[in-house]
Amino acid sequence: SGVGEQHSPSYWRERRRGIDQHQKAQRDGTGSVAEATLKGSDAPQRTMLETVEMAATQLAFAREYLELAKIFKPRDEIATIKSHTFKFLYILLEVHHDVRDRLVRVGSNADVVEVVDELCRRYHLPTSDACGFEELRDPAVLARAAELEAGGALVLADRTWYRRHRGPDGSSG
């Protein structure tokens, strides 16, 4: 489904429900994205395919959000887009500080897309000019990206945005 394409109200309700479920899973720590780990932490290590899949999930959410933000412009457009994108990509930006710094300095939606594309390149995933956000989760795309990164240098932060203040054992404070 392309941007600007007409959809029924039930489509948007289902879409909203999926986003709400994902955000709840991140806040509660029950989603697989919330379990992403840094190498060397006490948490269980992930396979390269799992790491790439987690990165692709967050990048797909960010890319879909950016497409929707073109249609349904937020009130304080660039500040809102930067804030939401930062939260979507937190587990990647905590590892790629240079990209996080670029996100801080962006001035347009197009600049944010370029930041997201840079993260896609680092995880060997197609950029926005190569495919839509839906294709980022394609099993063949994920397998290829994991194979390209067979050395295992790619990592994710150990906590999502919503769990960043929790201790290693999951306790708050």
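Values below: every heavy atom of this structure, side chains too, minus hydrogens, waters and symmetry copies.
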task = Quick one: list whatever passes salt bridge (charged side-chain N to carboxylate O under 4.0 Å, His left out) with Arg137, sequence neighbours left out.
result = Glu53
key: Under-4.0 Å salt bridge between Glu67 and Arg63   = no
ask   = When you measure from the side chain of Arg100 to the backbone N and O of His96, does any donor-acceptor pair fall under 3.5 Å?
value = no
Aromatic plane relationship, Phe88 with Phe61 - under 30° parallel, 30 to 60° tilted, over 60° perpendicular = parallel
task = Give a yes or no on whether a salt bridge exists between Arg122 and Asp98, defined as a side-chain N under 4.0 angstrom from a carboxylate O.
result = yes
ask   = Is the backbone of Thr127 close enough, under 3.5 Å, to the side chain of Asp117 for a donor and an acceptor to pair up by distance?
value = no
query = Tyr123 and Ala55: which non-hydrogen atoms are nearest, and at how many Å?
reply = CD2-CB, 3.6 Å
Nearest non-hydrogen partners of Ala69 and Asn109, listed with the distance = CB-ND2, 4.2 Å
request  = May I ask you to test the Pro126-Val141 pair for a side-chain heavy-atom distance under 4.5 Å?
outcome  = yes
request  = Decide side-chain contact (heavy atoms from CB on, under 4.5 Å) for Leu103 and Val106; before the verdict, give the C-alpha distance in whole Å, the side-chain angles of both, and the deciding distance to 0.1 Å.
outcome  = CA-CA 5 Å; Leu103 181 60; Val106 299; 4.3 Å; yes
message = Can you confirm whether Val115 sits close enough to Asp111 that some side-chain heavy atom of one is under 4.5 Å from a side-chain heavy atom of the other?
response = no
Side chain proximity check, Glu114 to Arg102, heavy atoms < 4.5 angstrom = yes
query = For the atom pair CG (Leu93) and CD (Gln58), what is the distance rounded to the nearest 0.5 Å?
reply = 10.5 Å
request  = Could I get the full list of side chain to side chain donor-acceptor pair (under 3.5 Å) partners for Glu77, not counting sequence neighbours?
outcome  = none
task = List the steps and the verdict of side-chain contact (heavy atoms from CB on, under 4.5 Å) for Val52 and Thr47.
result = CA-CA 9 Å; Val52 169; Thr47 67; over 6 Å; no
inquiry  = For a quick test of reading the model, state the closest non-hydrogen atom pair linking Tyr65 to Ile81 and the distance between them.
reply    = OH-CA, 3.7 Å
ask   = Can you tell me if CZ on Arg144 sees more than 12 non-hydrogen neighbours from other groups inside 6.0 Å?
value = no
